[in-house]
Amino acid sequence: MAFQTLDDLLKEGVESRHVLVRSDFNVPLDEEGNITDPGRINASLPTIKALVEGGAKVILSAHLGRPKGEVNAKFSLSPVAEALSEALGQYVALAGDVTGEDAHERANGLNDGDVMLVENVRFDPRETSKDEAERGQFADELVALAADNGAFVSDGFGVVHRAQASVYDVAKRLPAYAGKLVEKELSVLSTVAKEPEHPYVVVLGGAKVSDKLGVIEALAGKADKVIIGGGMCYTLLAAKGYNVQESLLQEDQIENCKDLLERFGDKLVLPVDLIAASKFAADAETQVVELDSIPEGWMSLDIGPKSVEKFAEVLASSKTVFWNGPMGVFEMEAFSKGTAGVAQAIIDATANNGSFSVVGGGDSAASVRMLGLDEDGFSHISTGGGASLEYLEGKELPGVSVLEA
Ligand code: ADP
Ligand code: MG
C-alpha cells in the first residue's frame with residue numbers, strides 16, 4: 001500500500017500536535033436515540049488510543065445519519081461522545097458546532113492527550129457538496145482546527161468511498177495518514193478482491209436496492225454464486241413475473257433486473273419461499289408463503305425456511321464468502337430468522353470448510369451482534385458496507401487514493 005500510515009506519523013512524533021481524525025461513528029440508534037450497536041465506536045479505538053498515548057491533541061470528526069446539511073438535534077453526535085468517553089476511559093468533549101467558534105475554542109484549549117469531537121460534519125451542506133470549491137472551503141475550516149503542524153488521519157473506513165470534505169479534501173490539505181482501521185480493512189479485503197479462493201460466494205441483501213443492483217452486475221463476474229435476499233430480491237422476483245404485493249420494489253429497475261437474470265441467471269441464487277406480513281410491524285400477522293402466494297396487500301419481510309436451507313447448501317461448499325445486507329427486517333424478531341440462518345451458515349462454512357468469510361455493512365455487522373451470533377465465527381467483520389462493496393467491485397476509493405497522492 002502506497003500510503004503513509006499511523007505508525008509513520010507516530011514515528012515522526014505527535015506530541016503536542018493537533019491531529020484531525022476522520023472516524024466512522026455512524027452507529028445505529030433506536031427511536032429514543034440510544035446506540036443499539038457500538039461496533040463502529042469500538043473499531044475506532046485503536047487509532048484514537050495510539051494518538052492519545054503519543055501525546056497528540058486529538059480532534060475527531062464524523063457523521064451520523066443523513067441530516068442533509070442542516071443542524072438537527074436528532075443527529076447530534078452526543079450519544080457517540082458519551083459512549084466514546086466510556087469506551088476510552090477518558091472524557092471526550094463534544095463541540096456545539098462543526099467548525100464554528102466553539103469547535104475552535106475547544107481545539108485551542110486541548111492539552112496533550114486530550115480528545116474532542118466536533119459535531120456531525122453533515123450538519124454542513126458543504127461536506128457532501130458536488131462542488132469542489134465549496135467542499136474545499138469547508139475542508140479549510142476543518143483543517144484550521146488542527147492549527148500549525150497538524151496532521152490528518154483517515155480512519156473512517158465506512159466513508160472512504162466518498163469524496164467528501166472531511167474524508168477527501170482535508171487529506172489534500174494536511175499531511176495525511178491511514179489509520180489502523182483503514183489499514184486493517186484494506187489488508188483483509190484486498191485478499192478477497194484480488195485472489196479469492198473458489199468457490200467464491202457473495203451474499204447480498206439489505207434495503208438500498210438501486211445502490212446494490214449495480215453491485216450484482218460487478219460481482220457476478222467475479223463470484224461463482226451470488227445469493228440474493230433482503231429488500232433487493234423483490235425487484236428481481238418481480239422481473240421473474242411474481243406479484244410481490246407491497247414488498248419493497250424498485251419498479252424502474254425491473255427491466256435492468258430482467259437483463260441481469262438473462263446474463264447471470266445461472267449464478268444468481270434467489271429465495272424459494274418468503275415470510276409474508278400483513279403490515280410493516282413487529283406484531284404483524286405472518287405466514288410462510290411460496291413466491292407466488294403473498295396475500296393481497298401484504299408484504300414480504302424475510303426469506304422463508306426453505307430459502308435458508310437452499311442458501312446454506314450453497315454456502316457450505318464455499319471457500320470465500322462476502323456478505324452484505326440482511327436477508328429481512330431483522331430488527332423485528334418475527335423477521336430475523338432468515339438473517340440469523342444465513343449468518344449461521346456462513347459461520348459453519350468458516351468452521352467446517354475453512355471458508356474465508358467477510359461481513360460488511362453497518363446493519364449486517366450490527367445484525368450479527370444483535371442476533372447473538374458469534375462475531376468470532378467470521379474471518380472478518382468490516383465496518384464498511386458501501387466501501388467494502390465498491391472495493392470488491394474493483395472501484396477506486398477516493399478517500400484511499402487521496403492518501404496515496
Ligand atoms: P448494510 O447497512 O449492512 O449495508 P442496508 O443498509 O442496505 O445494509 O440494509 C439494512 C436494512 O435492510 C435493515 O434495516 C433491514 O430492516 C432492511 N431490510 C431487509 N430486508 C427487508 C425487506 N424485505 N423489506 C424491507 N426492509 C428490509
Ligand atoms: Mg445500512
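Values reported hereafter were calculated over all heavy atoms of this structure, with side chains retained and with hydrogens, waters and symmetry mates removed. Note that ligands are numbered from 1 as they come in the structure, with each ligand's atoms numbered from 1 the same way.
The nearest non-hydrogen atom to atom 18 (N) of ligand 1, considering only S247, P326, G328, G205, comes from G328. Considering only non-hydrogen atoms, atom 22 (C) of ligand 1 lies nearest to G231 out of C233, G231, A207. If you check each of N26, L389, D363, N324 against atom 4 (O) of ligand 1, the one with the closest non-hydrogen atom is N324.
If you number the atoms of ligand 1 from 1 as listed, the ones under 4.0 Å from a heavy atom of S300 come out as 23 (N). Residue-ligand proximity, K212 to ligand 1, at heavy-atom distances under 4.0 Å covers atoms 4 (O), 5 (P), 7 (O), 8 (O). Close contacts between ligand 1 and Y234 involve ligand atoms 23 (N) [criterion: under 4.0 Å to a heavy atom]. The ligand atoms of ligand 1 that sit less than 4.0 angstrom from a heavy atom of S364 are 1 (P), 3 (O). Residue G230 has at least one heavy-atom neighbour below 4.0 Å for each of these atoms of ligand 1: 20 (N).
The minimum heavy-atom distance between Y234 and L301, with the atom names listed, is OH-N, 4.3 Å. Minimum heavy-atom separation, E119 to F75: OE1-O, 4.4 Å.
Of the inter-residue distances, the one linking I381 atom CD1 with R369 atom CZ reads 5.5 Å to the nearest 0.5 angstrom. Note: Y200 OH to L219 CG = 5.5 Å, rounded to the nearest 0.5 Å. Annotation: the span from I254 atom CD1 to K240 atom NZ amounts to 14.5 Å, rounded to 0.5 Å.
Between the side chain of K267 and the backbone N or O of A220, at least one donor-acceptor pair lies under 3.5 Å.
By the criterion of a heavy-atom distance under 4.0 Å, the side chain of E331, and not its backbone, is placed next to ligand 1.
Closest approach between the Mg ion (ligand 2) and any N/O/S atom of D363 involves OD2.
In terms of protein heavy atoms, atom 25 (C) of ligand 1 is closest to V329 CG2, 3.7 Å.
Salt-bridge formation is not detected for the pair K11/D7: no Lys NZ or Arg NE/NH1/NH2 atom is positioned less than 4.0 Å from an Asp or Glu carboxylate oxygen.
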Applying side chain to side chain contact (heavy atoms under 4.5 Å, CB included) to I216 and L236, what does each step give before you reach the verdict?
CA-CA 11 Å; I216 299 178; L236 282 152; 4.0 Å; yes
